[in-house]
There are 2 protein chains.
Amino acid sequence: MDISRLPTPCPVIDLASVQSNIAAMATIHPGRSLRPHVKAHKCSSIAAEQVRAGHLSFTCATPREILGLVAAGIGDDLLLANETVDTTRLGLLASAQEKTLITVAVDSLATINAAAQAGIKNVLIDVNVGLPRCGCAPDMAGSLADAARAKGMTVRGVMGYEGHLMMVTDRAQKQTQVHEAMALLTAAHGDVGGDIISAGGTGTYDMFKGTSVNEVQAGSYALMDTQYALLHHPFSQALWILGTVISVSPKWCVIDVGLKSLGMDHGNPTIEGFNVWFCSDEHTTIAPLDGSPMPVVGDRIRVTPAHVDPTMAMHERAYVLDGDTVVDEWAIDLRGW
Amino acid sequence: MDISRLPTPCPVIDLASVQSNIAAMATIHPGRSLRPHVKAHKCSSIAAEQVRAGHLSFTCATPREILGLVAAGIGDDLLLANETVDTTRLGLLASAQEKTLITVAVDSLATINAAAQAGIKNVLIDVNVGLPRCGCAPDMAGSLADAARAKGMTVRGVMGYEGHLMMVTDRAQKQTQVHEAMALLTAAHGDVGGDIISAGGTGTYDMFKGTSVNEVQAGSYALMDTQYALLHHPFSQALWILGTVISVSPKWCVIDVGLKSLGMDHGNPTIEGFNVWFCSDEHTTIAPLDGSPMPVVGDRIRVTPAHVDPTMAMHERAYVLDGDTVVDEWAIDLRGW
């Protein structure tokens with residue numbers, strides 16, 4: 001089937017590009033030195049590509065991402081890199097521990113108690129390394145680890161997400177700041193112990209040489225978006241939202257891709273050959289760049305989202321392409337919470 | 001059940017507020033003078049409340065919204081107020097015509113031909129009244145109506161969405177501009193004929209006195225959001241995304257509501273009693289206003305989205321509240337395309 005027959009709006013993924021991105025990252029961070037973050041794609045078929053590239057440990061942001069990977073038989077070491085006190089969902093994770101190794105991030109006595117009460121066996125101490133979000137103060141990590149061990153849980157190590165540094169564009173400055181952040185994580189690890197020192201993302205994946213970090217949690221590199229493209233990393237755009245031109249006026253045309261099919265927190269999408277005027281719920285108004293012809297109703301247009309993670313979360317399935325030929329269909333099966 | 005037992009993040013809807021909003025609008029635009037737009041809530045249970053308030057005609061943005069209303073037995077006059085050349089989906093709409101009256105907006109020969117080919121019986125001419133989006137030039141409306149009739153279809157009238165005027169805050173200026181836009185629609189209707197002259201939204205619902213418009217397509221008024229609240233209309237906030245505090249630091253705390261549970265195109269959400277620092281995929285970092293106490297892990301927080309339409313589209317179900325008591329659960333069953 002050709003893309004001209006796909007129902008729009010829908011995500012389309014270039015198979016060669018996603019495989020190339022996954023291979024490029026696996027060369028730099030092979031095997032367990034990468035713990036791919038599935039929140040970026042929420043798709044067990046992409047996680048399966050990451051398994052084929054040698055990764056067996058995965059990072060998740062929600063219990064449903066973990067449970068979806070378990071259901072798909074993907075990976076043997078799944079980390080919920082996020083806090084929860086939802087005892088129902090923690091109980092589901094605890095039940096899944098018979099099938100695979102599951103580890104839950106904790107950063108407080110409340111999250112430790114909730115995990116212990118639900119029967120979670122393995123935790124990891126989430127340490128704040130500068131981003132004002134989750135994670136305990138570095139000097140509290142040791143006492144939290146002690147509290148978790150006192151509850152009978154295994155403490156596998158530490159994680160610290162330096163999300164505030166992802167988009168620093170000066171590489172020397174970024175390197176310095178990442179190393180400063182990782183010094184906090186290393187000190188916390190000294191108090192916590194365990195085998196895991198986990199950090200990073202697509203924006204900092206190549207900044208850990210000389211640190212103690214032994215696994216990187218990158219996710220967006222597999223599909224990419226226009227924001228991460230600004231960093232000029234060796235990953236190429238592999239995802240677009242395919243749209244159809246539904247209306248043409250003398251100075252603009254309209255495609256059926258809008259706010260409900262695009263993550264908008266990083267701003268408007270981009271479209272090769274067009275200026276993007278604005279997005280509405282189910283529309284984007286665009287105009288051809290100077291000298292380019294106006295499309296006709298029915299033409300297909302590829303829209304590059306500004307932020308991949310929330311974009312994928314809006315769709316039920318993605319179509320996999322070889323050129324303009326549809327070769328597969330992947331369920332976006334890890335959606336929700 | 002109390003809201004403290006709900007799985008978060010999830011939409012919660014105050015039943016008294018949504019019913020009050022629906023009643024207030026039905027007083028101003030009773031019965032068929034309102035054609036409620038379901039794209040704002042994508043929920044047939046809310047549409048059923050609108051039926052109970054006397055409305056039987058509905059506006060939809062996607063084929064799936066129409067088919068969902070048909071499946072739920074809601075309404076007797078459903079308008080797809082959007083263009084499509086997807087012959088598969090148009091065919092599904094054509095098949096549903098036996099069950100209810102379905103009308104499809106067209107603005108070009110291509111969309112007329114697609115509708116005719118699929119067996120659509122009723123169309124309406126979408127006229128551009130100033131928003132650079134869909135709709136034919138006003139002086140083309142008559143010839144398009146002729147073309148549709150030549151294909152054997154009934155032309156029920158015209159619609160024209162003055163979306164560029166929704167957020168004009170000076171009421172006198174807005175009134176003038178809406179009347180100018182509606183003069184274009186009225187002229188087009190003179191060339192087209194038919195019974196329907198449809199326009200408007202929550203931002204302009206009270207601007208049509210003295211125009212020929214005989215039905216208003218408002219939708220957001222039922223649940224509201226922080227952007228429409230700026231207009232000081234007689235509709236109150238009825239929707240929040242409920243979150244749980246998952247991490248507390250000395251100067252901020254983090255809730256489990258983020259980019260994947262909030263429409264972000266109108267900016268950050270607001271939270272009563274807190275400053276909102278920033279949203280991540282599954283988190284929002286917030287700080288109590290001066291003098292307010294810091295929450296504790298496990299506390300529930302109501303988040304008011306900046307844009308209701310894409311927010312509702314991100315969730316599978318909403319919980320219906322009487323105060324803090326959960327009295328019902330509504331599927332958000334009109335999602336997708």
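Values reported hereafter were calculated over all heavy atoms of this structure, with side chains retained and with hydrogens, waters and symmetry mates removed.
When all heavy atoms of B:Trp277 and A:Pro132 are compared, the closest pair comes out as CZ3-CB, 3.9 Å. The two residues A:Ser247 and B:Gly135 come nearest to each other via the heavy atoms OG-N, 3.9 Å. Annotation for B:Cys134 and A:Ile246: closest pair SG-CD1, 4.0 Å, computed over non-hydrogen atoms. Heavy-atom minimum distance, A:Thr8 versus B:Arg89: O-NH1, 2.7 Å. Nearest heavy atom pair, residue B:Phe278 against residue A:Arg133, reads CE1-CD, 4.4 Å.
Rounding to the nearest 0.5 Å places OG of A:Ser220 at 7.5 Å from CG of B:Asp281. Distance check, rounded to the nearest 0.5 Å: OG of B:Ser249 to CG of A:Asn128 gives 5.5 Å. The line from CG of B:Asp256 to OG1 of A:Thr62 is 11.0 Å long, rounded to the nearest 0.5 Å. Atom CH2 of residue B:Trp337 and atom NE2 of residue A:His315 lie 4.5 Å apart, to the nearest 0.5 angstrom.
Chain A forms more heavy-atom pairs under 4.5 Å with one residue of B:Asn82, B:Thr311, B:Thr88, B:Val248 than with any other, namely B:Asn82. Most heavy-atom pairs under 4.5 Å with chain A: of the set B:Val85, B:Asp126, B:Leu259, this distinction falls to B:Leu259. By number of non-hydrogen pairs under 4.5 angstrom with chain B, the leading residue of A:Pro7, A:Gly298, A:Gly267 is A:Pro7. Ranked by heavy-atom pairs under 4.5 Å with chain A, the first of B:Val245, B:Thr84, B:Asp107 is B:Asp107.
Looking at A:Asp309, the atoms closer than 4.5 Å to chain B (heavy atoms on both sides) sit in the backbone and in the side chain alike. Residue contact with chain B, scored on non-hydrogen atoms closer than 4.5 Å, involves the side chain of A:Ser108 exclusively. The contact between B:Asp265 and chain A is made by backbone and side chain atoms together, counting heavy-atom distances below 4.5 Å. Interface remark: B:Asp86 contributes side-chain atoms only to the contact with chain A (heavy atom separation under 4.5 Å). Looking at B:Pro250, neither its backbone nor its side chain comes within 4.5 Å of chain A, counting heavy atoms on both sides. In this structure, the portion of B:Thr244 lying under 4.5 Å from any heavy atom of chain A is its side chain and not its backbone. Using a 4.5 Å cut-off between heavy atoms, A:Ser261 contacts chain B through both its backbone and its side chain. Heavy-atom distances place no part of B:Arg5 under 4.5 Å from chain A, backbone and side chain included.
In this structure a side-chain-to-backbone donor-acceptor pair under 3.5 Å is present from A:Lys260 to B:Lys39.
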